[in-house]
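First comes the structure, then the notes that go with it.
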Amino acid sequence: MTTVNGGAPIFGLIFFGFYCIFGIVGILSTVFWIWMLVDCLRNEPANSNDKVIWVVVIAVTHVVGSIIYFFMRRQPRIRQARQGNIL
């Protein structure tokens with residue numbers, strides 16, 4: 001077995017590296033999920049069912065719903081606000 005630093009197996013170091021990467025990705029995806037949930041609650045109009053539907057979609061599907069919300073609702077809203085400010 002190949003070792004590094006006087007006895008630590010390389011396989012263990014590789015496993016630890018993957019574990020750290022997956023942990024960081026998990027934390028970042030949870031932060032993104034919370035960010036999109038808060039954005040939805042703050043910026044979607046309350047006079048329709050859109051807010052309730054998007055909150056349920058984001059809450060149930062976690063990262064997938066957050067990504068869908070980001071590209072379908074948040075990005076167009078940001079672009080529209082920028083165009084409104086320029087004119």
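Quick note: numbers below take in every heavy atom, side chains included, and nothing from hydrogens, waters or symmetry partners.
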Review point. Roughly how far, to the nearest 0.5 Å, is the CE atom of Met72 from the CD1 atom of Ile67?
Key: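 Result: 13.5 Å between the selected atoms.
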All N/O donor-acceptor pairs, side-chain side in residues 54-64, below 3.5 Å, sequence neighbours left out:
from, atom 1, to, atom 2, distance (Å)
Thr61, OG1, Val57, O, 2.5
Thr61, OG1, Gly65, N, 2.9

Point to revise | Pairs meeting criterion side chain to side chain donor-acceptor pair (under 3.5 Å) with involvement of residues 12-33, two or more places apart | key: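 As it turns out, there is no side chain to side chain donor-acceptor pair (under 3.5 Å) pair with a partner in residues 12-33 once direct neighbours are skipped.
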Point to revise | Pairs satisfying salt bridge (charged side-chain N to carboxylate O under 4.0 Å, His left out), at least one member in residues 31-41, at least two apart | key: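 Passing the test, one end in residues 31-41: Asp39-Arg74, Asp39-Arg77.
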Point to revise | salt bridge (charged side-chain N to carboxylate O under 4.0 Å, His left out): pairs with one or both residues in residues 21-34, sequence neighbours excluded | key: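 Not a single pair qualifies under salt bridge (charged side-chain N to carboxylate O under 4.0 Å, His left out).
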Does [X] share a hydrophobic cluster with [Y], counting links as ILVMFWY side-chain heavy atoms below 4.5 Å and allowing steps through other members?
X	Y	value
Leu28	Val25	no
Val38	Ile78	no
Val31	Tyr69	no
Ile68	Phe71	yes

Check your understanding: Ignoring hydrogens and geometry, is there a side-chain-to-backbone donor-acceptor pair from Lys51 to Leu41 under 3.5 Å?
Key ->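 Indeed, once roles are kept as given, a pair shorter than 3.5 Å links the two residues.
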**Study point:** Any residue meeting salt bridge (charged side-chain N to carboxylate O under 4.0 Å, His left out) with Arg73, in chain and number order, not counting sequence neighbours
**Key:**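 Testing Arg73 for salt bridge (charged side-chain N to carboxylate O under 4.0 Å, His left out), a comparison that skips the adjacent residues, returns Glu44, Asp50.
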**Study point:** Partner set under ring-ring contact (aromatic ring centres under 6.0 Å, His included) for Phe70, not counting sequence neighbours
**Key:**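 Partners of Phe70 by the ring-ring contact (aromatic ring centres under 6.0 Å, His included) criterion, ordered by chain and then number, come out as Phe32.
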